[in-house]
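The next block holds one structure in the form of structure tokens; read it before the comments.
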Amino acid sequence: MVLRAIEQKIESLFEGIFGRAFRTNVQPVELARKLAKEMDEHRTISVSRVYVPNEYTVYLSPDDREQFSSYEENLRGELQEYLSEHSRREDYALLSPVRVLMETDADLDVGEFGIATRMVQPDRRRASAEGEPAGDVAPGSTMIYKPQTPVPTQAVSAQELGLDAELVTLSFDGTRFEVKQRRVVIGRSRDCDIQLSDTNVSRRHAELRQEGASYWIVDLGSTNGLEVNGKRVKRAKLNDGDTITVGSTEVRFSQEQP
């Protein structure tokens with residue numbers, strides 16, 4: 001996942017020591033943060049809900065757009081998911097699922113980008129719910145973001161820095177699962193990354209997510225809920241040694257630093 005993808009230790013190392021040695025291209029993590037900021041700043045308060053834009057157009061310089069060419073569709077999907085998660089955390093209302101578009105603007109320099117927001121009614125229908133805002137015909141004014149000092153560096157992995165990657169594992173019922181992807185789904189279904197035979201576990205019960213240098217466990221709407229160290233949670237940040245309870249199964253989270 002590219003959102004929040006620069007691990008905090010690596011990001012601090014590069015910004016503090018090597019930042020000026022790298023090009024100042026726009027980074028996905030910076031796009032994510034500024035998109036969330038635009039969502040927060042374009043709230044519309046109705047009778048009982050707080051609505052936010054559901055369409056975001058990102059304007060990039062030709063060089064910045066080119067760097068994303070090989071994975072732009074995936075990037076847009078990740079940004080949309082990031083904004084959807086942000087809206088859920090803040091209890092915002094959306095007229096339809098979040099949509100992120102990308103456009104090229106030759107007037108922008110490398111490292112600069114613009115964001116325009118719009119509130120779009122699905123299928124061009126009229127606002128029907130009480131207090132529901134009408135859709136915008138065109139995007140609003142575009143907010144331009146320029147690189148700060150020190151400038152963001154290119155996203156890199158621990159391996160590219162010559163560092164050993166941390167070892168993250170989930171242990172349960174005598175089994176040890178090594179986490180190598182940014183998302184691990186736990187449940188009873190055979191489609192899950194970790195399949196549990198526990199009948200108290202939902203088909204897709206919970207998901208382990210890597211967000212930056214941190215790992216979070218998230219309830220996927222399970223029937224019997226989720227616990228971390230005996231406390232009922234919907235979403236929780238994990239620390240080394242934490243115990244996750246899904247159904248009747250205890251899963252131990254381990255994060256060994258390199």
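On a predicted model such as this, the values are computed, not experimentally measured, just so you know. Throughout, numbering of the chain's residues begins at 1 and tracks the sequence. When reading the values below, keep in mind they use all heavy atoms of this one structure, side chains included, and skip hydrogens, waters and symmetry mates.
For Gly247 against His205, the heavy-atom pair with the smallest separation is N-CE1, 3.9 Å. Residue Arg232 comes nearest to Gly225 through the heavy atom pair NH2-CA, 3.5 Å, listed as atom of the first residue, atom of the second, then distance. Of all non-hydrogen atoms in Glu72 and Met102, the two that sit nearest each other are CG-SD, 3.7 Å. Closest of all the heavy-atom pairs between Val26 and Phe68 is O-CZ, 3.5 Å. Contact record, Gln181 with Arg183: CG-O, 2.9 Å, taken as the closest heavy-atom pair. Across Tyr82 and Ala32, no two heavy atoms sit closer than the pair CE2-O, 3.3 Å.
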>> Using the rule given for side chain to side chain donor-acceptor pair (under 3.5 Å), can you reason through Ser96 versus Asn54, listing the C-alpha separation, both sets of side-chain angles and the distance that settles it, and then say yes or no?
In response: CA-CA 6 Å; Ser96 67; Asn54 54 347; 2.7 Å; yes
>> I'd like to know whether Val228 forms a side-chain contact (heavy atoms from CB on, under 4.5 Å) with Ile217, so could you lay out the CA-CA distance, the side-chain angles of the two residues, the decisive distance to 0.1 Å, and finally the verdict.
In response: CA-CA 9 Å; Val228 174; Ile217 190 70; 3.6 Å; yes
> What's the verdict on side chain to side chain donor-acceptor pair (under 3.5 Å) for Arg65 and Thr104, showing C-alpha distance, side-chain angles and the deciding distance?
Replying inline: CA-CA 7 Å; Arg65 181 82 183 277; Thr104 302; 2.9 Å; yes
> Would Ile186 and Asp193 satisfy side-chain contact (heavy atoms from CB on, under 4.5 Å), going step by step from the backbone distance to the final call?
Replying inline: CA-CA 6 Å; Ile186 304 169; Asp193 300 295; over 6 Å; no
>> Is there a side-chain contact (heavy atoms from CB on, under 4.5 Å) between Leu170 and Arg252? Walk through the geometry before answering.
In response: CA-CA 6 Å; Leu170 294 172; Arg252 185 178 184 276; over 6 Å; no
>> Assess the residue pair Leu95 and Tyr51 against the criterion (side-chain contact (heavy atoms from CB on, under 4.5 Å)); give the C-alpha distance rounded to whole Å, side-chain angles, the decisive distance to 0.1 Å, and a yes or no.
In response: CA-CA 8 Å; Leu95 296 179; Tyr51 286 91; 3.7 Å; yes
>> Evaluate Arg33 against Glu38 for salt bridge (Lys or Arg N to Asp or Glu O under 4.0 Å), listing each step before the verdict.
In response: CA-CA 9 Å; Arg33 291 169 181 165; Glu38 289 297 307; over 6 Å; no
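Counting heavy atoms from C-beta on, the side chains of Tyr71 and Pro28 come closer than 4.5 Å. Looking at heavy atoms from C-beta onward, Ser87 lies in side-chain contact with Met39 at the 4.5 angstrom threshold. Here the side chains of Arg99 and Tyr56 are not in contact, with every heavy-atom distance at 4.5 Å or above. Using a 4.5 Å heavy-atom cutoff, the side chains of Leu79 and Leu35 are in contact. A 4.5 Å side-chain heavy-atom check between Asn239 and Gln255 finds every atom pair outside the cut-off. Glu103 is not listed as a side-chain neighbour of Leu60, based on a closest heavy-atom distance of 4.5 Å or more. You'll find the side chain of Arg176 reaches within 4.5 Å of the side chain of Ser171, heavy atoms only. No side-chain heavy atom of Ser189 sits under 4.5 Å from any side-chain heavy atom of Gln195.
Asp219 places a side-chain N or O within donor-acceptor distance of the main-chain N or O of Ser222, the cut-off being under 3.5 Å. Checking side-chain atoms of Asp105 against main-chain N and O of Asp107 turns up a donor-acceptor pair under 3.5 Å. Using modelled atom types, one side-chain atom of Gln80 and one backbone atom of Val100 make a donor-acceptor pair closer than 3.5 Å.
By the 4.0 Å N-to-carboxylate-O rule, Glu73 lies too far from Arg76 to be salt-bridged with it. In summary, Arg235 and Glu207 do not engage in a salt bridge, as defined by a charged side-chain N under 4.0 Å from a carboxylate O.
Hydrophobic clustering (ILVMFWY, side-chain heavy atoms < 4.5 Å, transitive): Ile244 and Val168 are in one cluster. Linking Ile, Leu, Val, Met, Phe, Trp and Tyr whenever their side-chain heavy atoms come within less than 4.5 Å puts Leu208 and Val233 in one cluster. No single ILVMFWY cluster, assembled from side-chain heavy atoms under 4.5 Å apart, contains both Leu75 and Leu101. Note on Leu238 and Val185: separate hydrophobic clusters, where clusters join Ile, Leu, Val, Met, Phe, Trp and Tyr whose side-chain heavy atoms are under 4.5 Å apart, directly or indirectly.
In this structure, the separation between OG on Ser197 and CZ on Arg188 is 10.0 Å, given to the nearest 0.5 Å. The NZ atom of Lys231 sits 14.0 Å away from atom OG1 of Thr245, with the distance rounded to the nearest 0.5 Å. In this structure, Glu178 CD and Thr169 OG1 are separated by 8.0 Å, a value rounded to the nearest 0.5 Å. The CZ atom of Arg203 sits 13.0 Å away from atom CG of Leu220, with the distance rounded to the nearest 0.5 Å. One distance of note links CG of Asp64 with CD of Gln27; it measures 8.5 Å at 0.5 Å rounding. Here Phe172 contributes atom CZ and Asp198 contributes atom CG; the two are 11.5 Å apart, rounded to the nearest 0.5 Å.
Screening Leu196, Asn224, Thr223 for a side-chain contact (heavy atoms from CB on, under 4.5 Å) with Val201, the sole residue that qualifies is Leu196.
Below 30°, between 30° and 60°, or above 60°: for His86 and Tyr92 the angle between ring planes is above 60°, a perpendicular geometry.
Residues Tyr215 and Phe253 bring their aromatic ring centres within 6.0 Å.
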